[in-house]
Number of protein chains: 2
Amino acid sequence: MLYEQMLRFTTRNSGRMAKAKKSGVSPRKMPAQDRSRATVELILDAAARILVKGGYNAFTTNRVAERAGVSVGSLYQYFPNKESLLGELMRRHVAELERGLAAITADAAKRPIADTVRALIEESVRAHLIDPELHRVLSEEVPHLGSLDWRHAYEARCTQRVREFLEARRSELSVTDLDLAIYLVTRTVETAVHDAVGHRAEDLRSGALAEELSRMITVYLTGKAPAVRRPLKVAAE
Amino acid sequence: MLYEQMLRFTTRNSGRMAKAKKSGVSPRKMPAQDRSRATVELILDAAARILVKGGYNAFTTNRVAERAGVSVGSLYQYFPNKESLLGELMRRHVAELERGLAAITADAAKRPIADTVRALIEESVRAHLIDPELHRVLSEEVPHLGSLDWRHAYEARCTQRVREFLEARRSELSVTDLDLAIYLVTRTVETAVHDAVGHRAEDLRSGALAEELSRMITVYLTGKAPAVRRPLKVAAE
DNA sequence: GTATAACATGAGCAATAGCTCGTATTAGTG
DNA sequence: CACTAATACGAGCTATTGCTCATGTTATAC
């Protein structure tokens with residue numbers, strides 16, 4: 001399980017989210033028995049299903065508890081507040097993304113830049129096709145969670161990986177401002193793939209979008225068109 | 001003024017936004033005297049300021065009215081519901097974007113593709129630098145307004161303009177799927193510029209980001225690097 | 001001046017949300 | 001079985017929000 005931190009203090013605070021938000025984004029209490037671990041999963045599943053079905057509007061703690069078949073009380077035993085529920089959901093999603101990314105950059109040294117770029121993009125596509133609707137709601141309908149430093153941390157780690165990869169190949173690149181290029185590239189891929197989930201699902205699934213994106217990014221970085229052009233799919237394979 | 005449509009029926013509906021949303025997104029009543037026109041501006045200004053300062057969280061009708069120095073009643077005389085306030089704010093923002101775009105695509109025929117691409121991108125940058133914080137809140141913090149067909153209409157119009165421009169130059173392009181290319185290009189520019197407002201404001205203002213983006217898009221579309229390379233700024237000028 | 005329409009006010013209703021806490025149930029241990 | 005800790009329950013408190021409506025004020029027409 002993923003509960004890194006736990007047990008934030010509970011500011012006695014009644015009424016609906018007052019001035020200062022509750023406080024944690026991580027689970028309040030580590031479930032110890034199997035029973036409660038199952039409950040936590042039940043709750044998270046219900047939360048995801050509600051978000052997908054009704055959007056952030058429908059996402060109320062009472063509703064989540066009901067759908068999960070548990071009481072609100074149980075929900076609040078493991079999640080200090082509504083936000084923490086979203087937090088855990090996001091953490092899981094993001095972890096998936098990061099795993100794939102790490103695997104690819106790990107052995108990028110032995111392959112041409114174009115291949116790595118393509119692999120990264122295809123990995124991003126793959127990750128975005130897992131429960132895409134949840135992903136969409138999570139990142140564009142959910143009000144921006146205050147002080148979610150882990151999010152920035154995640155983005156920083158991703159950027160860092162890409163940076164290491166590109167710096168190692170600096171001589172092969174034709175961009176002047178590497179820093180800016182990294183920013184542009186990572187953002188473009190992330191946002192384009194993300195946006196495509198909602199607007200170009202077919203092209204995402206068919207791989208056409210990844211193909212075009214790869215071409216765009218590779219040419220931008222290296223200054224020359226990637227080898228393959230006419231035959232849309234690589235010969236090998 | 002911009003009030004295209006007006007005076008939607010008022011479903012007697014008490015309490016906080018029930019199941020079926022109120023109904024309109026456009027002003028309820030056309031202000032007729034100068035006095036009320038001023039009130040409307042006051043309200044919109046207050047709304048914008050509140051959104052910028054406190055985000056969507058702080059955006060409540062009571063607060064807006066208070067900040068505007070008018071009563072809630074007055075607010076609801078011109079805006080049928082909270083959503084319509086956001087609607088008008090967005091409409092104004094978007095109108096600005098569209099004006100610039102139209103002007104550029106209008107006389108794109110006589111200029112090289114690279115120039116038009118660049119002009120479009122720079123225009124986008126310019127538009128995003130007007131009250132950037134409001135722009136940000138509006139498009140990423142505001143819950144997605146239901147049935148905001150004008151938004152899709154706007155995006156469609158923009159895409160259409162770009163399509164006409166690119167189709168006229170079809171022979172100069174090296175992309176295979178023009179439709180996909182248009183999608184990719186418009187989204188990339190929009191999202192990259194948008195994202196940069198929050199994360200790369202300096203590069204936006206300096207023009208560096210527009211420079212890089214232009215290069216990336218142009219090369220992608222035409223298949224060959226734009227004329228200028230070493231000298232970062234165009235010689236002429 | 002008077003009548004009428006446009007405009008402005010703000011106390012307060014109805015609904016709903018997040019969250020608590022006293023109590024009941026179950027699991028684990030001896 | 002007895003005892004404790006973990007888990008589960010859910011009625012309901014409190015704050016807050018979107019919005020209305022009865023009433024007052026100002027402008028315009030005659």
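Just so we're on the same page: letters track the sequence lines, and every chain starts at 1.
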Is there a side-chain contact between [X] and the phosphate of [N], meaning an N or O under 4.0 Å from OP1 or OP2?
{"X": "B:T39", "N": "C:dA8", "answer": "yes"}
{"X": "B:S36", "N": "C:dA6", "answer": "no"}
{"X": "B:S71", "N": "C:dA8", "answer": "no"}
{"X": "B:Y78", "N": "C:dA8", "answer": "yes"}

Can you tell me which nucleotide in [options] comes closest to the side chain of [X]?
{"X": "B:S74", "options": "C:dG18, C:dT9, D:dC9", "answer": "C:dT9"}
{"X": "B:V72", "options": "D:dG10, D:dC19, C:dA8", "answer": "D:dC19"}
{"X": "A:V70", "options": "D:dC19, C:dC19, D:dC9", "answer": "D:dC9"}
{"X": "A:N81", "options": "C:dA8, C:dC19, D:dT7", "answer": "C:dC19"}

Over how many whole Å does the gap from [X] atom [atom1] to [N] atom [atom2] extend?
{"X": "A:N57", "N": "D:dT17", "atom1": "CG", "atom2": "P", "answer": "16 Å"}
{"X": "B:Y76", "N": "D:dT17", "atom1": "OH", "atom2": "P", "answer": "11 Å"}
{"X": "A:F79", "N": "D:dT7", "atom1": "CZ", "atom2": "C1'", "answer": "15 Å"}
{"X": "A:K82", "N": "C:dT16", "atom1": "NZ", "atom2": "C1'", "answer": "11 Å"}
{"X": "B:R63", "N": "D:dT16", "atom1": "CZ", "atom2": "P", "answer": "9 Å"}
{"X": "B:Q77", "N": "C:dG10", "atom1": "CD", "atom2": "C1'", "answer": "13 Å"}
{"X": "B:R37", "N": "C:dA8", "atom1": "CZ", "atom2": "P", "answer": "11 Å"}
{"X": "A:L75", "N": "C:dT20", "atom1": "CG", "atom2": "P", "answer": "11 Å"}

Of all residues at least two apart in sequence or in a different chain, which pass the side chain to side chain contact (heavy atoms under 4.5 Å, CB included) check with B:A196?
->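 For B:A196, the residues satisfying side chain to side chain contact (heavy atoms under 4.5 Å, CB included) (neighbours in sequence not counted) are A:Y183, B:R200, B:L204, B:L209.
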Residues that A:S71 engages under side chain to side chain contact (heavy atoms under 4.5 Å, CB included), provided they are two or more places apart | A:S74
Using a 4.5 Å cut-off on heavy atoms from C-beta on, say whether the side chain of A:V64 contacts that of A:V72.
-> no
Is there a side-chain contact between A:T186 and A:E190, using heavy atoms and a 4.5 Å cut-off?
->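 In short, these two side chains do not touch, never coming nearer than 4.5 Å.
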Test of understanding: with salt bridge (Lys or Arg N to Asp or Glu O under 4.0 Å), list the residues that count as partners of [X], not counting sequence neighbours.
{"X": "B:D34", "result": "B:R37"}
{"X": "B:E164", "result": "none"}
{"X": "B:E66", "result": "none"}

First encountered from the 5' end of DNA chain C, between A:G73 and B:N62 | B:N62
List, with names and distances, any nitrogen or oxygen atoms from the protein found under 3.5 Å away from nitrogen or oxygen atoms belonging to nucleotides 26-28 of chain D.
none

